[in-house]
Amino acid sequence: MRIAPGFRCTRVASVASMPARRPGTRVAYRHIESILLLVLAIPSTAIDWRIAQTWSWPAGLVALWIGATALAVAAGLIRRQLRAIGCAITILSLYAVPVVGAIIRWHVVPSPTALIGDGAYQTQLAGDFLLRGIDPYGADYGAAGLSAAPWGETFASPALHHLVTWPGQFLWPLPLQLAARPLGWWDERVFLLVAAGLIWWLLSRLFPGAPGRLAATAFFLIPGHSLVAVLGDNDLPMLALVLAALLAADRRRYLLMGLLLGLAVVTKQHAVLAVPLIAAWAVVRGADVRELNRAAALATGAALAMLAPFMSWNAGAFIRDTIVFVAGSGPDAYPINGFGLSAFLLSNGVIHGARDAFPFAAVEVVVGAAIWTIGWLRIRARARLADVLIFAGLAMLLVLYVSRYFHDSHLLLGAELILTGLVARARPLAPPQPGVAVLAA
């Protein structure tokens, strides 16, 4: 269409040709970061304030801390340019500060109770056993001091005589634990803070820009996370390796993916629930059967290399602690407890005793296979990276729910991955094409 002599219209966008705008969605995305920060910061602040009350922190110090956090949240809400730094300061304040406070309190405030969770304390003691040349599997953790850790069940802590996790859990912090020996003290939560920082960085790499900030905010500020973190969130090293494997798959580095998945599984067995889903994303990114087989072989080799020294040291103790105790029955089985399917069956008389046998493993396989199948199909069909986190969270949440025991830390593990994946799916809409003519000579 000619506009004037010597000129022509190269691009004219009519109203009919423009895609329909969705102002509701655009407004929702524009404000989702602020809304998420506010919605999660309020309950997290309330929980942290209660923690500070329990620890008898000075009122002035608590007021200063909460006030500084409120300013960071307000900065993120009011000024878009300050949103990234506001989110970062809020996460550091509401997640890291209570953990640092817990570390200082344990080593400064005299108390007959160890001011650390039994899981993190057992990991720390396992590393100490290893540094002294003692096999961590089959060791007497009660005599080593674990009996002083807080325990809220009616039965004695199973961790006093059984180490249920695989070696990676206490091997990864070992270099830091060894380096801290001249100081005369070590706290496992120092390493867990390092793992948390690594997770934060991995989320920013998996979901660059605002989606990464949303993911980190959801992961660290989900209500209750700081409550678990002050005791020691032992799932963080495993999650860091799982996210690193997902990043490797996304970058088409499939051998590295396999290596990291193998190391994740021997850090905490729950990681196996994410393996098929990360493999599905590798297929989306172009991996063929041969590349997947090579990655699986490397994963298996890495896992066996980590397990072999402890199997050769005392195979019986290793199998009793990590397999028989978790999945068996009788006096040497982990007692049913928590608030999952097992506790429901026990309270309703389907299972008569807390240590009775029940085919939980078969139920776990059925539930896991169903989630893997649905997740595999959805991930390949929709090709959205965040879906891997959503289905990994669903797998961990539901499979652990139908296991022999289901605790609040298991609920948090699944929920934080699901919420992280959901908010990471947010994407800004492309700006509308301007409906003006562009004139060219």
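Numbers here simply count residues along the sequence, with the first being 1. Treat the numbers as computed from the prediction; the structure is a model and nothing was measured.
Judged by distance alone, the side chain of R252 and the main-chain N or O of R285 form a donor-acceptor pair under 3.5 Å. Side-chain atoms of W49 do not come within 3.5 Å of backbone N or O of A63 as any donor-acceptor pair. Under the 3.5 Å distance criterion, the side-chain polar atoms of E188 are left unmatched by any main-chain donor or acceptor of A120. Side chain of Y405 to main chain of S342: no donor-acceptor pair is present (N/O by atom type, distance under 3.5 Å, no hydrogens or angles). Judged purely by atom type and a 3.5 angstrom limit, Q177 uses its side chain to pair as donor or acceptor with the backbone of Q124. Side-chain atoms of S147 do not come within 3.5 Å of backbone N or O of A143 as any donor-acceptor pair. Side-chain atoms of T217 never come within 3.5 Å of backbone atoms of L37 as a donor-acceptor pair (strictly under, hydrogens ignored). In this structure, N234 contributes its side chain and G119 its backbone to a donor-acceptor pair below 3.5 Å. A donor-acceptor contact shorter than 3.5 Å is absent between the side chain of S93 and the backbone of I89. No donor-acceptor pair under 3.5 Å is formed between the side chain of D387 and the backbone N or O of G375.
Residue-environment remark: CH2 (W57) exceeds the threshold of 12 foreign heavy atoms within 6.0 Å. In the displayed structure, R79 atom CZ is contacted under 6.0 Å by at most 12 heavy atoms of other residues, nucleotides or ligands. The local environment of CZ in R105 is crowded, with over 12 non-hydrogen atoms from other residues, nucleotides or ligands closer than 6.0 Å. In I85, the CD1 atom is not crowded: 12 or fewer heavy atoms of neighbouring residues, nucleotides or ligands sit closer than 6.0 Å.
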**Request:** Apply ring-ring contact (aromatic ring centres under 6.0 Å, His included) to Y121 and Y141, showing your working.
**Result:** CA-CA 10 Å; Y121 195 17; Y141 288 90; 9.3 Å; no
**Item:** Chi angles and distances behind the side-chain contact (heavy atoms from CB on, under 4.5 Å) call for H161, D140
**Value:** CA-CA 5 Å; H161 304 287; D140 188 352; 3.6 Å; yes
**Message:** Could you walk me through whether F129 and D135 satisfy the side-chain contact (heavy atoms from CB on, under 4.5 Å) test, starting with their C-alpha distance in whole Å, then the side-chain angles of each, then the deciding distance to 0.1 Å, before giving a yes or no?
**Reply:** CA-CA 7 Å; F129 277 132; D135 185 1; over 6 Å; no
**Prompt:** Can L397 and F406 be said to form a side-chain contact (heavy atoms from CB on, under 4.5 Å), step by step?
**Reply:** CA-CA 9 Å; L397 180 66; F406 182 75; 3.9 Å; yes
**Request:** For F318 and L307, run side-chain contact (heavy atoms from CB on, under 4.5 Å): C-alpha distance rounded to whole Å, both residues' side-chain angles, the deciding distance at 0.1 Å, then the answer.
**Result:** CA-CA 9 Å; F318 179 83; L307 297 177; 3.7 Å; yes
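Taking CD1 of I390 as the reference point, atom CZ of R378 lies at 9.0 Å (rounded to 0.5 Å). Between T69 atom OG1 and L94 atom CG the span is 5.0 Å, to the nearest 0.5 Å. Distance check, rounded to the nearest 0.5 Å: CG of L341 to CG of L346 gives 11.0 Å. The CE atom of M396 lies 14.0 Å from the CG atom of L411; values are rounded to the nearest 0.5 Å. The line from CG of L36 to CD1 of I222 is 10.0 Å long, rounded to the nearest 0.5 Å. Distance check, rounded to the nearest 0.5 Å: CH2 of W172 to CE of M238 gives 14.0 Å.
When each of I379, L243, V388, D250 is checked for a side-chain contact (heavy atoms from CB on, under 4.5 Å) with I278, only V388 meets the rule. A side-chain contact (heavy atoms from CB on, under 4.5 Å) with P136 holds for exactly one of T165, D128, L125, L163; it is L163.
Side-chain contact annotation: H407 with N337, donor-acceptor N/O pair under 3.5 Å present.
Here the side chains of W376 and V283 are in contact, with some heavy-atom distance below 4.5 Å. Taking 4.5 Å as the limit, some side-chain heavy atom of F219 sits within range of a side-chain heavy atom of E416. Residues W200 and L92 form a side-chain contact, since some pair of their non-hydrogen atoms from C-beta on lies under 4.5 Å apart. Between L239 and H270 there is no side-chain heavy-atom pair separated by less than 4.5 Å. Residues P276 and F391 have side chains not in contact (no heavy-atom distance under 4.5 Å, counting atoms from C-beta outward). The side-chain heavy atoms of R294 and Y254, taken from C-beta on, include no pair separated by under 4.5 Å. Taking 4.5 Å as the limit, some side-chain heavy atom of F310 sits within range of a side-chain heavy atom of L171. The shortest distance between side-chain heavy atoms of V99 and I103 falls below 4.5 Å.
Ring geometry for F220 versus Y95: interplanar angle over 60°, hence perpendicular rather than tilted (30 to 60°).
Smallest separation of non-hydrogen atoms from L419 and A218: CG-CB, 3.7 Å. Among all heavy-atom pairs drawn from A271 and V242, the shortest one is CB-CG2, 4.0 Å. Summarising the geometry of A392 relative to L417, their closest heavy-atom pair is C-CD1, 4.3 Å, with the distance given to 0.1 Å. Minimum heavy-atom separation, G138 to D321: N-OD2, 3.0 Å. What you find for Y401 and G340 is that their closest heavy atoms are CE1-CA, 3.5 Å. Closest of all the heavy-atom pairs between R189 and V230 is NH1-O, 2.5 Å.
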